[in-house]
Amino acid sequence: MRRKILVMVVALITAFGMCMAMTGCGDSSSGDGDVAKITIVQQYGMAYAPLKVIEQKGLIEENYDGDVEVNFQTLNSGASINDAFVAGDVDVGLMGVAPAITGSLNEGVPYKICTNISAQPHKLMTNDSSIKTLKDIGESDQIALVNIGSIQHILLAMAAKEQLGDAHALDNNIAAMAHPDRMTALLNGSVKCQLTTSPFVFKEAAEPGISEVEAIESVWPEGNSFIVAVASTDLYENNPDLYNAVLAAFDDAIAFINEDPEAAAEMLCVDEDVDAETYLEWLNDPACSYSTELKGVSTMAKFMTEEGFLEDVEFNDISELVYEGVQGN
């Protein structure tokens, strides 16, 4: 009960903060005069590279036939983005597959997936050399990840189901932290393990005393969707021109990253505080890919319904989660 009350308080504070930060935003219709307005929210890491390209190259403005003001914001989790959608402050959000499924099927958030964004390496990292598998994690050993219900949480549950026979076996080990804070906690020994993605897995692997716990790849293979974009039903239904401009912008940004990774690395490396050569090495990792095609989303939705991560919900078909024309499953 205390956890539920705390979650409700956090959600209200988040929604209020978004309203204050985005006053006048979240309106995808034409605003003052003939200027359309749109608010897009992302999180942290390389998975969001296409949106950073869109911002720096002005691709929505380039693909929209008219004047448009684009407001880019950053939040810490998919749950926070869901709260912002409910508050009416966001038109497009980039988030992990799991919170997008939860928002669509379980919480009635007014959006659907409009495109895939990226697949990225996910690894369970540890500072304890005795932890080789999930069976080596003790009851008091904390596993840092972004929050309950995040894609990292669901991936951990999928691995726990496979290795321990119980999807919820490690739920009590979870320590919810923001992306940058989790890396700090792992390196300073505040937690034993961290389930994370790029670029943090690359940075942590280079640190002495940090190793990988074999757990995730067998349940979520390379190429499976990690980050998707969701668009509000208001944007989709009431401003199709702007909606299509957003999709075209993502197409252009992903093509740019795939066709000219050197230029993309030059553009994006400053966000991760590394040089372009290092960023290019990360981009060339086989598990790091950018595509508009969904992969594995139905698999995760079925797992979440079967293992009790969604309340009183049945998942039947990918069309329940995506808008018409979205590729993949």
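Residues take their numbers from the sequence shown, with the count starting at 1.
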Validation row: [X], [Y] side chains within 4.5 angstrom (heavy atoms):
X    : Y    : result
M267 : V53  : yes
E107 : T102 : yes
V70  : I54  : no
K192 : I137 : no
F250 : V246 : yes
L164 : K135 : yes

For [X] versus [Y], what's the shortest heavy-atom pair and its separation?
X    : Y    : result
A160 : A167 : CB-O, 4.0 Å
P99  : N82  : O-ND2, 3.3 Å
A159 : A215 : CB-O, 3.5 Å
M177 : A185 : SD-CB, 3.7 Å
Y290 : A47  : CE2-O, 4.0 Å

To the nearest 0.5 Å, how far apart are [atom1] in [X] and [atom2] in [Y]?
X    : Y    : atom1 : atom2 : answer
E277 : C269 : CD    : SG    : 11.0 Å
T196 : Q120 : OG1   : CD    : 11.0 Å
L145 : S77  : CG    : OG    : 11.5 Å
E272 : K203 : CD    : NZ    : 5.0 Å
W220 : Q152 : CH2   : CD    : 12.0 Å
Y323 : L247 : OH    : CG    : 10.5 Å

Within one Ile-Leu-Val-Met-Phe-Trp-Tyr cluster: [X] and [Y], side-chain cutoff 4.5 Å:
X    : Y    : answer
I257 : Y44  : no
F200 : V213 : no
L195 : I210 : no
L187 : L124 : no
V146 : I143 : no

Show your working on side chain to side chain contact (heavy atoms under 4.5 Å, CB included) between M158 and E307 and close with a plain yes or no. CA-CA 9 Å; M158 294 173 82; E307 297 299 332; over 6 Å; no
Please, which pairs that meet ring pair (Phe, Tyr, Trp, His ring centres under 6.0 Å) have at least one residue in residues 146-173, sequence neighbours excluded? H153-F309, H168-F309
Could you give all pairs that pass the ring pair (Phe, Tyr, Trp, His ring centres under 6.0 Å) test and reach residues 93-136, with sequence neighbours left out? F85-Y111, H122-F226
Quick check: does any side chain N or O of [X] sit under 3.5 Å from a backbone N or O of [Y], one acting as donor and the other as acceptor?
X    : Y    : result
D136 : K132 : yes
S104 : I101 : no
N173 : D141 : yes
N127 : G209 : no
Q163 : L134 : yes
T197 : P121 : yes

Just wondering, are more than 12 heavy atoms of other shown residues or ligands nearer than 6.0 Å to [atom1] in [X]?
X    : atom1 : answer
N284 : CG    : yes
E262 : CD    : yes
D65  : CG    : no

Kindly indicate, with the supporting measurements, whether the criterion side chain to side chain donor-acceptor pair (under 3.5 Å) is fulfilled by D275 and T278. CA-CA 6 Å; D275 57 37; T278 299; 2.8 Å; yes
side-chain contact (heavy atoms from CB on, under 4.5 Å) partners of V270, counting only residues at least two apart: none
Just one of I227, L94, V228, I254 clears the side chain to side chain contact (heavy atoms under 4.5 Å, CB included) bar with S118, so which one? I227
Are K112 and Y236 in a cation-pi setup, meaning NZ or CZ lies under 6.0 angstrom from the ring centre and within 45 degrees of the ring axis? no
Can you check side chain to side chain donor-acceptor pair (under 3.5 Å) on E162 and S218, steps first, answer last? CA-CA 9 Å; E162 179 181 75; S218 62; 2.6 Å; yes
Could you please spell out the steps behind the side chain to side chain donor-acceptor pair (under 3.5 Å) verdict for D234 and S232? CA-CA 5 Å; D234 178 66; S232 68; 4.9 Å; no
So, using side chain to side chain donor-acceptor pair (under 3.5 Å) as the criterion, who are the partners of [X] when residues are at least two apart?
X    : result
S190 : N188
N106 : none
N63  : D252

Hey, mind stepping through E212 and M125 against side chain to side chain contact (heavy atoms under 4.5 Å, CB included) and telling me if it holds? CA-CA 4 Å; E212 179 184 355; M125 310 299 287; 4.1 Å; yes
Kindly indicate, with the supporting measurements, whether the criterion side chain to side chain contact (heavy atoms under 4.5 Å, CB included) is fulfilled by M183 and E204. CA-CA 7 Å; M183 178 173 170; E204 291 166 10; 3.4 Å; yes
Under the side chain to side chain contact (heavy atoms under 4.5 Å, CB included) criterion, do F202 and E281 qualify, and how do the steps go? CA-CA 10 Å; F202 300 131; E281 290 179 4; over 6 Å; no
Determine whether S298 and N329 satisfy the following criterion, side chain to side chain donor-acceptor pair (under 3.5 Å), listing intermediate values before the conclusion. CA-CA 6 Å; S298 294; N329 54 57; 5.2 Å; no
Does one side chain, of T126 or D128, offer a donor that lies under 3.5 Å from an acceptor on the other? no
